[in-house]
There are 2 protein chains.
Amino acid sequence: MAGEKESAQDPVPLFGDRLDRTVRERKSVVAAGIDPTLAMLPPDLAELARSGPDGLHSALSDFCLGVVMAVGDLVAAVKPNIAFFEAFGLYGLTVYKSVCLAAADLGLLVIGDVKRGDIGSTAAAYASGLLDCPRPGIRRLAAIGDAGQFAREAGPLLGPHDALTLNPYLGSDSVKPFLEKGCDQGQGFFILVKTSNPSGADLQDLRLDSGETVAERVAALTRDWGGAWIGESGLSSVGAVVGATHPSELCRCREIMPSAPFLVPGYGAQGGTAADVVPAFRPDGSGAVISASRSILQAWKTENNPLDWQGAARRAAGAMNADLRSALRAAGKGEWL
Amino acid sequence: MAGEKESAQDPVPLFGDRLDRTVRERKSVVAAGIDPTLAMLPPDLAELARSGPDGLHSALSDFCLGVVMAVGDLVAAVKPNIAFFEAFGLYGLTVYKSVCLAAADLGLLVIGDVKRGDIGSTAAAYASGLLDCPRPGIRRLAAIGDAGQFAREAGPLLGPHDALTLNPYLGSDSVKPFLEKGCDQGQGFFILVKTSNPSGADLQDLRLDSGETVAERVAALTRDWGGAWIGESGLSSVGAVVGATHPSELCRCREIMPSAPFLVPGYGAQGGTAADVVPAFRPDGSGAVISASRSILQAWKTENNPLDWQGAARRAAGAMNADLRSALRAAGKGEWL
């Protein structure tokens, strides 16, 4: 109890510094996407899932937690996309929560890929539900007796989350309630700037009369939003999602946002290579995590090895990190790895 | 059972026609936003909420369902915003589900204000979880034995939903999985085009080199996405969110999207008036529902009448509809009301 009291006085490091430390300590720039579907379950778990509601819940949970445990010391973060849990309704969301808790227990950063975006008062409600979940070292700054505290004690919240992805379409007042609640608690945010999917271009690549693209404008907003929370590492609490499928835009985005952590999806199944993502990193090799989901979760299929799905996931995550480290070293950005 | 088999053969009407029929039958253009916060609870329920997790769950549930029952015959739709339920974690989401079920039982359209937006494969996961929830007349088209069916039987999904709000920032492939799954099941979608919040302007008002604004470009995409699902009423299954706080843009959006149902937030607490929202309606007065949340849920505060919070909500919804009908009649768009 004395120890707890003392630690309650410590300032919580800003997210950019937490990310930088985690990546350096673990020598990994991989974020494992945890996006389960029924088709990904190995045969024994697929059979369990077919046995009914309890079986489905157990199978999803066993698979997701099994992958998190298998890759735990080879990655810096896990990034569960809540859509794949919401697909299984309320039971699925309890598995989402289990994934977050298990990853936090392993010392991994938990990036909740929730892509929330709504008007200010609604954004504050989301922030309350998604950022207030207890985690050692995060919760201690929260005020006692406020509505958030009240809600926290009322049942299981989603999380814990170290970071969330946010959608910028509703502008500043949809983002700021998250920053104001989370940044001083050590939490971070990745704003969708340039997404990895082909039709991200529909809006994000539109050219403005100022000469910028929409994505470049969002990048400038993201830089501005994060200006108040830049840590000792030089990294901000407010980062950007920029897809691996657009290497030249990774360069451009890094120019616009020199302090933003980048979360880079699209490596692997979506076509991005290690060389493609090198521009996401700062000149010293810091400042980015690269996420992959299908190539890790379904590695047992690639290996044709359904009995060792955990080993296959582990080998895929390790190979991915080795591939990225090698590309960073080749580009002169990887001496620290 | 014979009757059930027969009804399984009937085509499900398209969402635009369902919306048009519901509005005409109920003579109401109001969508009641169900966005509960602790501060909105009347004193007796606030006390119950403070008694612990079970009490909070009961109080939230009693309040939301009480408001739905009170306004049920005066509105066309309810629009629960999932953020306000997610704020209370997994227990809160069970209340969200109760609200959807209760509203559906009353014959109201259920518009899930979820603002989802993600890449194609992830959008499909969201669509599965949010559109597959059983509801008489909706579920019957779903294929038996597919993964969706499997998941549906595995536990409570969120919903039922007649329509969802969607965020367009990720472009066509983030929207189409929803349309392809839901439109033929009678479900509809409201794409965020021009939101009611002040900083919606940050992105949505940016001027493109084509001369359009970003919001106008999204309006054109929305029109194109909905072209394949226009019902006998002339209304599409794919509509638009356009805020009441921007009357001139309501006009412009109606020009660009003549067949789109409009979901118009921002009346009341956010400042929009009945006259402001008239341009959202088509020349014959069809094609729009106007949503308000705080002015209905907190009407007991406005009336200083905590003991009759249900009556106050009912009076607020009725007064809002009367105000809108009167403005429509004054504009020559309201003969059918």
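Chain identifiers are assigned alphabetically (A, B, ...) following the order of the sequence lines, protein sequences preceding nucleic acid strands; residue numbering begins at 1 within each chain.
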J.: Who among B:T122, B:V214, B:L130, B:L221 has the most heavy-atom pairs with chain A under 4.5 Å?
T.: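 Answer, by heavy-atom pair count under 4.5 Å with chain A: B:T122.
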J.: Is there a side-chain contact between B:I111 and B:L164, using heavy atoms and a 4.5 Å cut-off?
T.: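 Sidechains of B:L164 and B:I111: no contact.
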J.: As an exercise: rank B:A83, B:S196, B:G129, B:G55 by heavy-atom pairs under 4.5 Å with chain A and give me the winner.
T.: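 Between B:A83, B:S196, B:G129, B:G55, the count favours B:A83.
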J.: Shorter than 4.5 Å, heavy atoms on both sides: which option in A:T37, A:V114, A:T195 has the most such pairs with chain B?
T.: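 Ranked by contacts with chain B, first place is A:T195.
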J.: Between chain B and each of A:S174, A:P168, A:P198, A:G200, count heavy-atom pairs under 4.5 Å; write down the option with the most.
T.: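 Winner by heavy-atom pair count: A:P168.
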J.: Let me know if B:T165 has heavy atoms under 4.5 Å from chain A in its side chain, its backbone, both or neither.
T.: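 Neither part.
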J.: Any idea which of A:T213, A:D113, A:L192 has the most non-hydrogen atom pairs under 4.5 angstrom with chain B?
T.: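 Of A:T213, A:D113, A:L192, A:L192 has the most heavy-atom pairs under 4.5 Å with chain B.
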J.: Tell me whether B:K181 is salt-bridged to B:D132, with the criterion being a basic N under 4.0 Å from an acidic carboxylate O.
T.: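 Yes.
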J.: Determine whether B:T245 and B:Q270 satisfy the following criterion, side chain to side chain donor-acceptor pair (under 3.5 Å), listing intermediate values before the conclusion.
T.: CA-CA 7 Å; B:T245 41; B:Q270 290 181 56; 5.4 Å; no
J.: Picking from A:S210, A:A201, A:G171, A:S199, which has the most non-hydrogen pairs under 4.5 angstrom with chain B?
T.: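 Counting heavy-atom pairs under 4.5 Å, the top option is A:S199.
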J.: Please confirm whether the ring centroid of A:Y96 lies under 6.0 Å from the ring centroid of A:H161.
T.: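 Yes, the ring centres sit under 6.0 Å apart.
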J.: Side chain from CB out, backbone as N, CA, C, O: work out which of these in A:V193 comes under 4.5 Å of a heavy atom of chain B, or both, or neither.
T.: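 Only the backbone of A:V193 comes within 4.5 Å of chain B.
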J.: Measure up the A:Y126 and A:F178 rings against each other and bin them: parallel (under 30°), tilted (30 to 60°), perpendicular (over 60°).
T.: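 Parallel.
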J.: Using non-hydrogen atoms only, which part of A:S172 is less than 4.5 Å away from chain B: side chain, backbone, both, or neither?
T.: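 Both backbone and side chain of A:S172 come within 4.5 Å of chain B.
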J.: Can you say whether A:L208 sits under 4.5 Å from chain B via the side chain, the backbone, both, or neither, judging by heavy atoms?
T.: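 It is both, since atoms from each part get that close.
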J.: Between B:R207 and B:E212, does any NZ, NE, NH1 or NH2 come within less than 4.0 Å of an OD or OE carboxylate oxygen?
T.: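 No, this pair does not count.
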J.: Between chain A and each of B:A123, B:A124, B:S121, B:G159, count heavy-atom pairs under 4.5 Å; write down the option with the most.
T.: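 Going by pairs under 4.5 Å, I would pick B:S121.
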J.: Could you check whether any side-chain heavy atom of A:E216 comes within less than 4.5 Å of a side-chain heavy atom of A:K194, counting everything from C-beta outward?
T.: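 No. Closest side-chain heavy atoms not under 4.5 Å.
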J.: I'd like to verify something: which residue of B:A125, B:A127, B:G211, B:P265 has the highest number of heavy-atom pairs under 4.5 Å with chain A?
T.: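 When all of B:A125, B:A127, B:G211, B:P265 are compared, B:A125 has the most.
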J.: Would you please name every residue forming a salt bridge (Lys or Arg N to Asp or Glu O under 4.0 Å) with A:D118, sequence neighbours left out?
T.: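 With neighbours one apart ignored, the set is B:K115.
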J.: Could you tell me which of A:T94, A:I82, A:I119, A:L93 has the largest number of non-hydrogen atom pairs under 4.5 Å with chain B?
T.: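 So the answer, after comparing A:T94, A:I82, A:I119, A:L93, is A:I119.
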J.: Looking only at side-chain N and O atoms, does B:N197 offer a donor or acceptor that is under 3.5 Å from a partner on A:D173?
T.: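 The criterion, which ignores hydrogens and geometry beyond distance, is satisfied for B:N197 and A:D173.
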